[in-house]
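Only a predicted model underlies this, so the values are computations on that prediction, with no experimental measurement involved.
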Amino acid sequence: MGRLTRGAAGSGRWQVVTVGVPAAELLPDGRWPEPLRPLAGAVELDLRPAPGGRGTELAVRPLGGLAALPGMAAHLVGDDPDGYLRQVLRAVRQLVETGEVLRADRPAVERPAPDRPAVPG
């Protein structure tokens, strides 16, 4: 399908995730999926068919390093924009494939147990 955002040469590494849906379903009406939408203009997005007809490969990389990421995103990435983009790609995949962003189970100290009351939530 090709690159969807054009601009200065990207300064970061491509982060890629395979999403189990066709590109048309991943980007309905050409709109970026919600977890990526706030980064429009700050990242380059590339789509291509996944090997073996297993959906779509979604790839992103920052266009201008940390300075290009908007407000809160720049704060959250700290010194690891690649890690932040991997996290966003996982959220996109989960949202598209399951309809929600999954979260880790609560720590054991927050779970009710027979010998202690539940922690108010």
Under a 4.5 Å cut-off applied to non-hydrogen side-chain atoms, are [X] and [Y] in contact?
X: T56; Y: L27; value: no
X: L39; Y: Y84; value: yes
X: L58; Y: T18; value: no
X: R48; Y: V16; value: yes
X: W32; Y: V43; value: yes

Report task. Quick one: closest heavy-atom pair of E57 and P51, and the distance? Result -> OE2-CD, 3.5 Å
Query raised in the report: What are the two closest heavy atoms between R61 and R13, and how far apart are they?
Result: CB-O, 3.3 Å
Side-chain donor-acceptor distances from residues 88-97 under 3.5 Å, at least two apart:
residue: Q94; atom: OE1; partner: L102; partner atom: N; Å: 2.9
residue: E97; atom: OE2; partner: G20; partner atom: N; Å: 2.6

